[in-house]
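To start, the structure itself, in structure tokens.
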Amino acid sequence: MATITDWSTTTFADLGPIYPWVGSEKVMVWVAIAAWIVWHIMQARMENKTYDEEVKRFGDAESLKKMVKGEDPRNP
Amino acid sequence: MDNELSALVVIFTEFYYWLTVVLMFLIHIGFCMYEVGVSRHKNHMHTLMKNTMLIPLVTITFFFFGWWLYWALPNGPFISDAVGNGGGIDYGAGEANTPWSETMGPHMGDRITGVFWAAFLLFSWTAASIVSGSVIERIKSSGFWILAILIGSVLWVIDASWGWHWAGWMVVKLGYHDAYASGVIHAIAGGFALGILFVLGPRIGKFAADGTPRNIYPRNPWLVAIGLFLIYTGFWGFYVACNVPMWDVQSGDGVFWSATNIYLAPTTLSAITVNFLMSLSGGLLAGYMISKGDAFWTYSSGLAGIIASSAGNDLYHPIQALVIAGLGVVFMYKLHYYVERKFKIDDAVGAVAVHGYAGFFGVVIAGFVLWGYPSSPDPTYASINPIGQFIGAIIMFGLLGFLPGWITAKILNSFGLLRIPREIEIMGLDSAGSSDILAEQQIIIDAEREAIGN
């Protein structure tokens, strides 16, 4: 796992990358790209669901009129 | 790194760019404060989160592909041999800057790539953040973040590769000169925002039935003022990051170390510091007069003044920087109100004007004032000229800014990912999802009443 196991015997002038898993960079990048795309899909669904629910519960004309007046129809 | 002097040069350069990153972070803090200060109470948290979350999204996508684009595309579209390597995509230069390149991680043979990447990334945040302010209070986060990635990790990077790269085709062929990014950051981001605004539409109530625009005043002018002061402060880092700190500029025999601009042409840190302050002053003075002392526009004009002079602030005399900044502010202020009335554009923070129009002006005016200067140390490149700068400004604002912004906004709109529902706009974006919070708060209030026997 470790790229470096002993600093005392290392010739630094010849040393390149020092992070773990050297050689598996492409795998790590593609996994990260997949996670990024999934994040967008989940976020868009979450946002649309929140708006839809809120409009369904408080989007009627009466509730909106109250909100414009500064009242909050959601207060129990 | 095998002797103290060469190690000192490398580590100084590494530290130099690191410091610019820290300073430029203040730009983003400033933009967040500014936007929240402008937005109404019912939209504060959404406005904040919209701008905050572009940080991770632009960061990871700039890592995935943005950095590679900068190094791979200097030849431009259909331009062959702009950099003398055969034309097309420069896979060789791009390879060292892919996300899987070993030099993107801790590497004993490279101390500059990472910190240089970070400085560019902070420019990316700025480009996206400029757009963020103009669309507040009615855009969906999901749509905005896609747009933020497009401008921050793709479009501005392409324009930087073309016109803000020592061998970009616009520099080689057009003599394009844009030392502190009037066009490559500001004009493109302003144009992109304008394209989105055409599709997004104004906030409810912004225009009267007869089309007369109404002011939606900043809710918290103190937050706006502090935000803009922080953006000014961060701009010091922005300017310094546009330079190369130490470079041998002497061609032929001999050695002469100097700071250079991004094109490796000589300038001094001292000169750009004076010009930064003079253009800030020119912007503030002109903005105060033209807006009749309006605080919002005066502060914004300070920024617009810097932006209007930035293309040539590596070479201008301080008085030239001062005057150009003032003229740029008058131009952007007048154009803002003309476009607002004519096209019913609701730019909540004036970002299109401050960044887009002032940036466009800055690129064009540099073509006249710096006419005949070399655009690069390479004598085979075209020299700076008005036509090259004008074409460059059109490319930045229109071709890579407005057009992709308009097209992408249209696409997002067709998928229902651009504008929030009308009801949510009336309720306020912070209201969405807060019903459960209100119910929980009521439970605590009831418990407290019960505790005092009421």
Side-chain angles (χ1 to χ4, degrees), chain A residues 3-4 7 10-76, chain B residues 1-2 41-42 46 49-50 53 56-57 59-61 63-65 98-110 140-146 149 204-205 412 415-417 419-443 445-446:
Chain A
T3 303
I4 307 293
W7 291 116
T10 298
T11 305
F12 286 93
D14 301 332
L15 194 55
I18 57 173
Y19 49 82
W21 304 355
V22 171
S24 52
E25 293 87 353
K26 281 190 180 174
V27 175
M28 291 193 284
V29 168
W30 285 113
V31 168
I33 288 173
W36 160 58
I37 292 167
V38 169
W39 189 93
H40 277 285
I41 294 167
M42 288 175 66
Q43 186 277 328
R45 283 182 181 163
M46 189 169 70
E47 185 177 24
N48 286 340
K49 185 167 172 271
T50 305
Y51 292 153
D52 290 347
E53 285 174 359
E54 205 72 3
V55 170
K56 205 177 286 177
R57 288 162 81 178
F58 303 108
D60 59 288
E62 201 56 38
S63 297
L64 291 176
K65 275 181 193 167
K66 280 186 177 177
M67 285 188 191
V68 171
K69 284 182 190 169
E71 300 166 20
D72 197 334
R74 293 162 303 183
N75 273 325
Chain B
M1 302 294 285
D2 58 352
H41 291 305
K42 60 182 181 180
H46 178 274
M49 290 310 292
K50 176 172 65 61
M53 289 307 292
L57 290 166
T59 299
I60 61 173
T61 50
F63 186 86
F64 292 154
F65 45 75
T98 56
W100 43 77
S101 165
E102 289 182 349
T103 52
M104 295 302 286
H107 192 290
M108 285 296 105
D110 181 349
K140 279 188 177 175
S141 297
S142 46
F144 171 73
W145 288 331
I146 290 169
I149 290 166
I204 294 169
L412 290 170
F415 284 100
L417 287 171
R419 180 136 187 167
I420 57 170
R422 181 178 152 276
E423 295 87 347
I424 297 293
E425 191 175 341
I426 293 168
M427 288 180 206
L429 279 153
D430 293 351
S431 300
S434 65
S435 305
D436 295 340
I437 297 170
L438 285 168
E440 284 176 19
Q441 284 174 342
Q442 190 61 41
I443 290 169
I445 291 167
D446 290 344

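- Summarising the geometry of B:Met427 relative to A:Phe58, their closest heavy-atom pair is CE-O, 3.4 Å, with the distance given to 0.1 Å.
- Contact record, B:His107 with A:Leu15: CE1-O, 4.5 Å, taken as the closest heavy-atom pair.
- There is no contact between B:Ile445 and chain A, counting heavy-atom distances below 4.5 Å.
- Considering all non-hydrogen atoms of both residues, B:Ser141 and A:Glu47 come closest at N-OE2, 2.8 Å.
- Proximity to chain B involves both the backbone and the side chain of A:Ala44, based on heavy atoms less than 4.5 angstrom apart.
- Taking CD1 of A:Ile18 as the reference point, atom CE of B:Met108 lies at 4.0 Å (rounded to 0.5 Å).
- Of the two parts of B:His46, only the side chain, counted from C-beta on, holds a non-hydrogen atom closer than 4.5 Å to a non-hydrogen atom of chain A.
- In this structure, A:Gln43 and B:Leu57 have side chains that are not in contact, with every pair of non-hydrogen atoms separated by 4.5 Å or more.
- For B:Phe415, the ring pair (Phe, Tyr, Trp, His ring centres under 6.0 Å) test picks out no residue, with sequence neighbours left out.
- Looking only at heavy-atom pairs under 4.5 Å with chain A, the residue among B:Asp110, B:Leu417, B:Thr61 that has the most is B:Thr61.
- Residue A:Trp39 places its CH2 atom among more than 12 non-hydrogen atoms of other residues, nucleotides or ligands, all under 6.0 Å distant.
- For the pair B:Pro421 and A:Val55, the tightest heavy-atom approach, listed with the atom from each and the gap, is CB-CG2, 4.2 Å.
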For residues 25-34 of chain A, tabulate all N or O donor-acceptor pairs below 3.5 Å that involve a side-chain atom, not counting sequence neighbours.
unit_1, atom_1, unit_2, atom_2, d
A:Glu25, OE1, A:Gly23, N, 3.0
A:Glu25, OE2, A:Tyr19, OH, 2.5
A:Glu25, OE2, A:Gly23, N, 3.2

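- In terms of modelled atom types and a separation under 3.5 Å, the side chain of B:Glu102 and the main chain of A:Gly16 share no donor-acceptor contact.
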